[in-house]
Amino acid sequence: MVEQKNLQELRDSLSIKPDNAGLKHTINRKGTFLPFTTRGTERPKFRKGFEGVLGEFTRNISSNHLKEKLNLEDLIINVSKVVDVSEEDKPFFEQILRLFLQDKKGNIKVFHPHVFQYLPFNEGPEMKGEQEIAKFLSDVLIEADKEFGKMFEKNSSDDLVAKLVLHQLAGVEKTDAKIKYSSKLPYISKMFKEDFLFLAQHEDYFKSHYEIFLSYYYFLYITQLTLKISQKGKGKLDSNNEVFYTNRKSYGYGYQMIKEAARTLLIDINSLEHLNFLMGTDDSQSYSELQLTYERLPSEEKEVLLGLLSQWIVEYRFHLSLPAHTLPENLTYEDLVAKLYSSIEEAYEKPTMQGPRNRYSLSIEEIGKKFFLKTRGSLGYMLNVSQDLLLLLTALSLKKERKSLKQVFLDLELRGIYLDRYSREEIVKLYDKLNLLDKKSDSGDAQYVKPIL
C-alpha cells in the first residue's frame, strides 16, 4: 500500500538522520534481486571452482546446514572401527579407504550424491559471498520445492565401501530457512527444475557435471537479469535476451553487451530499492512489475506516490550534496522514475562512489572468467561454450528424445546459447564426429540428433 510512512521507512533504511545531510546506500532490504556485494574481499573469485557454492546449495535444498567441517581422517578411523579387521591389516584397510575417499587435493571424493552436502566453503571472507550465492540459487531456482532435497538423502549403495562410509557420515543437521530472493525469471527456474530432475536420473553423469550445470544456470540467470534490468520497463521477464557465444559476433552481441548493461547495474539496483520502498511492495518488483503495480493503483494512491517520489528526489539530492532541482508539478510516474535514476547516477559519478559501483558488477566477470569467458586478443573477454558444457546442454535439450537439428538449436537458445551460422556449422561437425547425428538427407531440417543419456 502506498502511504506516507513508506518514505520514512526508506529514510530509516538509508540511515538518514533528521536535519543532517548524508545517507548510506543500503540495498537488499526491499529489492533483493542479485547476491552481489560491493565489498571486494567478500566477492568469490572461484579459485577452487564452484564447490563452495555447490555444497551450500545442496544443503539448502535439503533443508540442512553443516554443523562441522568433515574430517576425512576421523571418518576413516570411525569406519575402520566398525569393520572386523585385524590390527595387522588395519593400516592396509585404512589406506584403501583413503584411496576411495580422498582426491589428489585431499578433499572428499563425491562417491554418492549425499556427499555433495559435505563440500566446504573456501576459507576466509569469500565464504560469505559463496553462502549468499548459494542462498540466492536455492531461492530463485528451487523456490522451496522439497522434491529436490530427496536426491541427496543418505540412501543405501550397492558398493560395500560406500555403504560403510555413508553409515558413518555425520555433521549435517536439519534447519529451517526463510526465502530471501524471489525469482524474477520464472521461465529459467522452470527449465532448471526440469533439467535438474532429468540429470539426477543419471547418477554418474550427474556427479561429474553437477558443478558446471549449477554454475552455468547461475551465469545464465544473473546475465539475463542484468540485461533486463538495464532495459528498465522494456525488459521482458518471460524469455531470453539474445546473447551470442563463440564466434566474433559474440563480441557486440555477447559479453560486451552484458558488460555495458552491468556498468549501471548498481544504479538500477538502488533505484529499484527506493521504488519498492515507496510503493510499499513485499516481493522485490522489477521496473516493469512496478509500472504495472502503479497502473493498478486507485487514483488517490497514484497521487500519493507521485508526491512521495517528488519529495524523495529532492531529499536524496540534498543528502548527496547534488545541485538542487525544482520539479514541475505535472511530472508523470515515468518522468519521476527517470529523475530518480538520473539523480542516483549523478551521485555514483562522484570519485568516492566509483569503487562500489565498479566492484558490484564484477561478480558477473568472476564466474565468467572461471567457466564461460575466454580472452581473444585485443577484443578482450568473449563468451565461450566448452565442449563439455555444449554436450551437457545438448543432452538436457534432447532428454530421451531424438530431435531435429533445428529444434536442438532452438532448445539451446532456450538455455541461453545463441549461435551464428559459422558456430552452428562447427557444432554440426562435432555432433557428426561423436556419432550423434542421424542423417536422413543433406538438408539441415532432415538431420536429427540422437539422445546422449
Side-chain angles (χ1 to χ4, degrees), residues 1-34 36-40 229-230 232-233 261-282 284-291 293-295 297 299-361:
M1 184 177 179
V2 179
E3 47 191 335
Q4 189 68 36
K5 76 179 183 69
N6 295 355
L7 177 55
Q8 187 55 48
E9 288 179 3
L10 174 56
R11 292 183 188 125
D12 292 342
S13 79
L14 302 182
S15 304
I16 290 175
K17 302 291 188 291
D19 304 319
N20 289 339
L23 59 76
K24 180 182 178 182
H25 283 92
T26 305
I27 55 175
N28 291 344
R29 297 276 177 85
K30 273 285 188 178
T32 48
F33 294 94
L34 291 161
F36 301 167
T37 177
T38 57
R39 295 188 187 94
I229 286 174
S230 75
K232 309 296 189 288
R263 281 182 62 254
T264 56
L265 183 57
L266 186 56
I267 298 164
D268 280 308
I269 292 296
N270 276 280
S271 179
L272 288 167
E273 179 83 8
H274 299 181
L275 291 169
N276 274 279
F277 261 107
L278 296 174
M279 198 85 81
T281 69
D282 57 6
S284 302
Q285 293 187 14
S286 64
Y287 284 117
S288 55
E289 290 169 319
L290 287 163
Q291 175 75 40
T293 298
Y294 170 75
E295 290 168 0
L297 288 175
S299 56
E300 305 82 33
E301 282 193 50
K302 284 182 179 177
E303 287 302 312
V304 173
L305 179 64
L306 296 181
L308 290 178
L309 260 171
S310 296
Q311 187 179 346
W312 173 240
I313 292 165
V314 172
E315 281 189 33
Y316 179 83
R317 297 187 68 84
F318 164 74
H319 286 294
L320 270 297
S321 302
L322 300 174
H325 276 188
T326 303
L327 299 174
E329 292 185 3
N330 61 343
L331 291 179
T332 64
Y333 170 77
E334 293 84 354
D335 293 335
L336 289 168
V337 169
K339 288 281 185 186
L340 174 62
Y341 175 88
S342 63
S343 294
I344 297 172
E345 184 176 38
E346 198 176 331
Y348 271 95
E349 285 170 357
K350 292 184 175 187
T352 54
M353 303 285 280
Q354 289 290 318
R357 174 179 173 171
N358 294 333
R359 287 194 298 270
Y360 186 76
S361 60

Applying side chain to side chain contact (heavy atoms under 4.5 Å, CB included), can you list everything that pairs with [X], at least two apart in sequence or on another chain?
X	value
Arg29	Ser13, Thr26, Glu273, Phe277
Ser230	Ala261
Glu301	Met1, Val2, Leu297, Pro298
Thr332	Glu334, Asp335

Can you name the salt bridge (Lys or Arg N to Asp or Glu O under 4.0 Å) partners of [X], sequence neighbours left out?
X	value
Glu303	none
Lys232	Asp268
Arg317	Glu346
Arg11	Glu315

State, yes or no, whether a side-chain contact exists between [X] and [Y] at a heavy-atom distance under 4.5 Å.
X	Y	result
Asn6	Met279	no
Leu272	Lys30	no
Leu336	Ser310	yes
His274	Leu10	yes
Gln291	Val337	no
Leu309	Leu331	no

I need the [X] [atom1] to [Y] [atom2] distance, nearest 0.5 Å.
X	Y	atom1	atom2	result
Leu7	Leu305	CG	CG	11.0 Å
Leu320	Lys350	CG	NZ	5.0 Å
Lys302	Glu300	NZ	CD	10.5 Å
Ile344	Tyr316	CD1	OH	5.0 Å
Leu327	Leu306	CG	CG	11.5 Å

### salt bridge (charged side-chain N to carboxylate O under 4.0 Å, His left out): pairs with one or both residues in residues 16-26, sequence neighbours excluded
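Checked against salt bridge (charged side-chain N to carboxylate O under 4.0 Å, His left out) - neighbours excluded - no pair reaches residues 16-26.
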If we ignore hydrogens and angles and just use 3.5 Å, is the side chain of [X] paired with the main-chain N or O of [Y] as donor and acceptor?
X	Y	value
Asn276	Thr281	no
Thr293	Glu289	yes
Ser342	Ala338	yes

### Query
With sequence neighbours excluded, what pairs up with Arg263 under the side chain to side chain donor-acceptor pair (under 3.5 Å) test?
Glu260
### Task
Start with the C-alpha gap between Tyr287 and Leu275, add the side-chain angles, then the distance that decides, and say whether side-chain contact (heavy atoms from CB on, under 4.5 Å) holds.
CA-CA 9 Å; Tyr287 284 117; Leu275 291 169; 4.1 Å; yes
### Task
Sequence neighbours left out, what passes ring-ring contact (aromatic ring centres under 6.0 Å, His included) with Phe36? Give chain and number order.
Tyr360
### Neighbour count above 12 (heavy atom, 6.0 Å) for Glu295 CD
yes
### Query
Between Glu3 and Leu308, is a side-chain contact (heavy atoms from CB on, under 4.5 Å) present by the stated rule, with each step listed?
CA-CA 9 Å; Glu3 47 191 335; Leu308 290 178; over 6 Å; no
#### Entry: Where at least one partner belongs to residues 324-351, residue pairs that pass ring-ring contact (aromatic ring centres under 6.0 Å, His included), sequence neighbours excluded
His25-Tyr348, Tyr294-Tyr333
